[in-house]
Amino acid sequence: MNEIIIQNNNPMENIRQSTDVAGACKEIVSKTAIKIQNKKYVPVEGWMSIATAHGCVLSASDVKQIEGGISARGIVRRVSDGLIIGEAEGFVGDDEKTWASRPLFARRAMAQTRAMSRAARSVFAHVVVLMDAGLETTPMEEMEHLAHVQPVAQPVTQPQKQPMKSGIEETFSKFKTAISECLITLNLDRFIKAYKTFDKYVQTLPEDLFDEFDHYMTKAITQICEGIESGDYTVNEQTRDDLIKLFPVWKNEISRVYNNQPKKDQEERIF
């Protein structure tokens, strides 16, 4: 499907189109969904795939620090003619325990991510319902604070031994450490190499670790995209293509930030 068709005078055609998109995107949206307190929420990658299937692209703008936090404007734009068909605000509050201590660039990135997910939800929430996959229509990024709410501990009468980590848990832990170091040192080449090395283990992850892995990589690639656009990373065509190959759902966003990255002054480099 190349572009979204808005036919207010033909509701049956609109429903048919949405049903087609729901069927085409169901697998990838379900696969990227994040389970939080026994409910599954669609992250920005899922909303991106739905938008792409409609011939649209998600973007964010007007990121600014205001009283109480950081806000951003999310946009759903039709590729064929540039028409904006949906908008919404994303916000990261200073009172959020998860984000209050995070660096400014990370909070700005999350505000943009929430804005894009919220804008897509305002246009395409009915598509998620049509998938009939038990998915919530509230964007995952707005619910992630619940992932850190721990159940009330029950009293125990005997000391409990902590189970030893399995081999895959140890490997996953080392992988996260390596990825974190790559992000801190702004080393994209090492990031790509580490991801490729761990990729063979992904399918063997148990469900809880897979959900954690998916959520972890969503935050990592969001941080990278923000860093590319702000100029923290200087990305060439090969690195761009490598990132798109590893994260095909993020193709549009990676291409967008690659095209928007600050250009170095050629004359300064000559002299």
### Query
Got a donor-acceptor contact below 3.5 angstrom from the S230 side chain to the G227 backbone?
yes
### Query
Under a 4.5 Å side-chain heavy-atom rule over Ile, Leu, Val, Met, Phe, Trp and Tyr, are L188 and F105 clustered together?
no
### 4.5 Å side-chain heavy-atom contact, Y258 and L243
no
### Message
Using the rule given for ring pair (Phe, Tyr, Trp, His ring centres under 6.0 Å), can you reason through Y195 versus F247, listing the C-alpha separation, both sets of side-chain angles and the distance that settles it, and then say yes or no?
### Response
CA-CA 11 Å; Y195 189 90; F247 306 98; 4.9 Å; yes
### Query
Can you check side-chain contact (heavy atoms from CB on, under 4.5 Å) on V29 and M131, steps first, answer last?
CA-CA 9 Å; V29 173; M131 289 178 185; 3.7 Å; yes
### Query
Judged by atom type as modelled, is there a donor-acceptor pair below 3.5 Å linking the side chain of E229 to the main-chain atoms of E226?
no
### Task
Would you please test L58 and I75 for side-chain contact (heavy atoms from CB on, under 4.5 Å) and show each step?
CA-CA 6 Å; L58 304 183; I75 302 168; over 6 Å; no
### Ion pair check, E142 and R118, cut-off under 4.0 Å
yes
### Parallel, tilted or perpendicular: ring planes of F213 versus F198, cut at 30 and 60 degrees
tilted
### Message
I want to check something: taking the side chain as every heavy atom from C-beta on, are I85 and R77 in contact at a cut-off of under 4.5 Å?
### Response
no
### Task
Assess whether atom CD of E27 is packed by more than 12 heavy atoms of other residues, nucleotides or ligands within 6.0 Å.
no
### Query
Checking K176 against F172: charged group under 6.0 Å from the ring centre and within 45 degrees of the axis?
yes
#### Entry: Trace of the side chain to side chain donor-acceptor pair (under 3.5 Å) decision for N252 with T52
CA-CA 9 Å; N252 290 336; T52 299; 3.2 Å; yes
### CG-CG distance between D242 and L246, expressed to the nearest 0.5 angstrom
6.5 Å
### Query
How many angstroms lie between atom CG of L183 and atom NZ of K219, to the nearest 0.5 angstrom?
12.5 Å
### Message
A side-chain contact here means heavy atoms from C-beta on lying under 4.5 Å apart; do V42 and W47 qualify?
### Response
yes
### Message
Would you say V202 ends up clustered with I28 if hydrophobic residues are merged whenever their side chains have heavy atoms under 4.5 Å apart, either directly or through other cluster members?
### Response
yes
### Query
Which of these passes side-chain contact (heavy atoms from CB on, under 4.5 Å) with V92: R114, R102, Q112, E141?
R114
### Task
Measure from the side-chain N and O atoms of W250 to the backbone N and O of I221, and report whether any donor-acceptor pair falls under 3.5 Å.
no
### Query
Are S180 and Y216 linked by a side-chain donor-acceptor pair shorter than 3.5 Å?
yes
### Query
Do D94 and R107 sit within salt-bridge range, that is, some charged N less than 4.0 Å from a carboxylate O?
yes
### Query
So, does E87 use its side chain to make a donor-acceptor pair with the main chain of V76 at under 3.5 Å?
no
### Task
Evaluate the side-chain contact (heavy atoms from CB on, under 4.5 Å) criterion for residues L209 and E212: first the C-alpha distance (whole Å), next the side-chain angles of each, then the deciding distance (0.1 Å), finally the verdict.
CA-CA 5 Å; L209 285 187; E212 183 180 348; 3.7 Å; yes
### Side-chain heavy atoms of V235 within contact of Q261, under 4.5 Å
yes
#### Entry: Check ion pair E89-R73 (N to O, under 4.0 angstrom)
no
### Message
What I want to find out is whether R78 reaches D81 closely enough, with some N-O distance under 4.0 Å, to be called a salt bridge.
### Response
yes
### Heavy-atom check, side chain of I244 versus side chain of R240, under 4.5 Å
yes
### Message
Taking the side chain as everything from C-beta on, heavy atoms only, tell me whether F191 gets closer than 4.5 Å to K193.
### Response
no
### Query
Is any side-chain heavy atom of R256 closer than 4.5 Å to a side-chain heavy atom of V57?
no
### Task
Go through the steps to decide whether E136 and K40 satisfy the test side-chain contact (heavy atoms from CB on, under 4.5 Å), and finish with yes or no.
CA-CA 6 Å; E136 302 295 321; K40 290 187 176 182; 6.0 Å; no
### Query
Does the side chain of V127 reach to within under 4.5 Å of the side chain of H54, using non-hydrogen atoms?
yes
### Query
So how far is it from E253 CD to I224 CD1, rounded to the nearest 0.5 Å?
12.5 Å
